[in-house]
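Treat the numbers as computed from the prediction; the structure is a model and nothing was measured. Just so it is clear: chains get the letters A, B, ... in the order the sequence lines come, proteins before strands, and each one is counted from 1.
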Protein chains: 2
Amino acid sequence: MAHPTQTAPAPLGRRERRKLEVRERIYLAAHALFDSKGFDATTVDEIASAADVAPATFFNHFQNKHALLEMMADGVIETLDDLTARHLAGSASSAERLRALIRSASDEIRPRRRVARLVLIEFIREAGPDQPSAYLDRILEPFAALIEEGQRAGDFRDDHDAAFLAQMAVGMLNSAIARWLSDPDSPVEQGLVEVTEFVLNVLQRPSEPT
Amino acid sequence: MAHPTQTAPAPLGRRERRKLEVRERIYLAAHALFDSKGFDATTVDEIASAADVAPATFFNHFQNKHALLEMMADGVIETLDDLTARHLAGSASSAERLRALIRSASDEIRPRRRVARLVLIEFIREAGPDQPSAYLDRILEPFAALIEEGQRAGDFRDDHDAAFLAQMAVGMLNSAIARWLSDPDSPVEQGLVEVTEFVLNVLQRPSEPT
DNA sequence: TCCAACTTTGGAGTAGACTCCAATTTCTCT
DNA sequence: AGAGAAATTGGAGTCTACTCCAAAGTTGGA
């Protein structure tokens, strides 16, 4: 799960390097704390002292505590994009690609359950009643790409466009993931596999007029 | 959208009646405020004064601000149960029943978009990383009941049990609703109808071995 | 080397959620 | 009517997120 703090690569003075370093330290400290204690139970002061900076410094780097979640959400999306790019490159069948993507995604999530939950909530919450959701669309993109690819190959139904099918697929996966995320002991692997197969079944079957 | 504050019907002294009245007043005030300003932007003091009680009184009735959301979530589930009971009673086809249920549900939600969003988030959030989600299961129940009915009638596929299919159906509907809730101007009617038809298509089509 | 720009930091201060408590009001029951 | 239980209320106090500011430290460049 890449986090977005590593962007500009080359021409950085010691100054900016330090700054990024601090920012990164805060981010990582927060990530660890959120994952172990949850968001609400984690104090800005705790984050600051875990990152070994003064409390005031925190606000030099992040507008507020919530901004950390947004950054983590960005990280998730980046990771998802990376995974998709990797799996699209491969030459397996459409179904196998989707399976692989979902397997990879679940591998990413597993060790960071708690943060994953927070991010999932963030995805829904972020879409304030005023602006269209940014995350939700970006989450769909990778799936849509993969499905479109599958449609072109003739593997997936094309009575709906890829975006719509992606939304349906993500919806189904989501409900499985949501359940998993909230129940620490549930057998994700198994549940997720079942849902994945169902999704494939739905995607593959061409529609007949009702 | 019934709210759960109306339970015990008969033997109430003036005292308990007053108490429920106050509770109800606070609940309604909060509901209105949440719907117009959102949760975070609404102050406990505001709620109290809108309900015409002292700020301290608020905490006599609700453990905290968040408890109001939980109560609203309960209300949603109750409403959903009611709707389902009503629609199960009817004698239409399985497909028609599902369409009717979803239509009713969307009618309930439409005038309370903002609160609906909060409640949706609550559904996901509530499942703390420690206890299994209570709401998520209860949300599925009505759909599962309806689907099971359809399976018995031979209208729906039965290669998976009703609970699983319900989860898939709710997942798909959810992703449509989530999108709608965050985009004030999106044509819910249309999107929801499209998704509903897709869900029906998925439910009706019996699976063939892959 | 020294200045200007930027960062960190401590400290004071605000707002809102929530607790605790004692005084007061409201109801119930006799 | 009057005692006792329960609810309301105001007030003081805590905790945390977050803002503002001035002092002090760090860095890059002339």
Students often get this wrong, so: under 4.0 angstrom with heavy atoms, is B:His66 touching a base, only sugar-phosphate, or nothing? nothing
Taking any heavy-atom pair under 4.0 Å as a contact, classify B:Asn64: base, sugar-phosphate, or nothing. sugar-phosphate
Rounded interatomic separation in angstrom, taking [atom1] from [X] and [atom2] from [N]:
X       : N      : atom1 : atom2 : answer
B:Phe58 : C:dC20 : CZ    : P     : 16 Å
B:Ile26 : C:dC18 : CD1   : P     : 14 Å
B:Glu46 : C:dA15 : CD    : P     : 14 Å
A:Arg17 : C:dC6  : CZ    : C1'   : 16 Å
A:Asp52 : C:dT8  : CG    : C1'   : 12 Å
B:Phe39 : C:dA17 : CZ    : C1'   : 10 Å
A:Glu16 : D:dT27 : CD    : C1'   : 10 Å
A:Glu21 : C:dT7  : CD    : P     : 15 Å

Candidates [options] - which lies nearest the side chain of [X]:
X       : options               : result
B:Lys65 : C:dC18, D:dA7, D:dA17 : C:dC18
B:Phe59 : C:dT19, D:dT9, C:dT9  : C:dT19
A:Thr43 : C:dT9, D:dT16, C:dA17 : D:dT16
B:His61 : D:dT8, D:dT16, C:dT8  : D:dT8

Flag the pair [X] and [Y] as a salt bridge only when some basic side-chain nitrogen lies within less than 4.0 angstrom of an acidic carboxylate oxygen.
X        : Y        : value
B:Arg18  : B:Glu21  : yes
B:Arg113 : B:Asp35  : no
B:Arg152 : B:Glu149 : yes
A:Glu96  : A:Arg103 : yes

For B:Asp40 and for B:Arg18, find the nucleotide of DNA chain C with the closest heavy atom, then tell me which residue's nucleotide is more 5'. B:Asp40
Hey, which sits more toward the 5' end of DNA chain C by its nearest nucleotide, B:Ala56 or A:Val22?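 Nearest-nucleotide comparison on DNA chain C picks A:Val22.
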Between A:Asn60 and C:dT8, is there a contact of a side-chain N or O with OP1 or OP2 at under 4.0 Å? yes
Pair of N/O donor and acceptor under 3.5 Å linking D:dA7 base with B:Arg15 side chain: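 By the distance-only test, no, there is no pair.
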Is the positively charged end of B:Arg112 above the ring of B:Phe34, judged by distance under 6.0 angstrom from the centroid and angle within 45° of the axis?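 Judged by the rule (NZ or CZ under 6.0 Å from the ring centre, within 45° of its axis), B:Arg112 is not positioned above B:Phe34.
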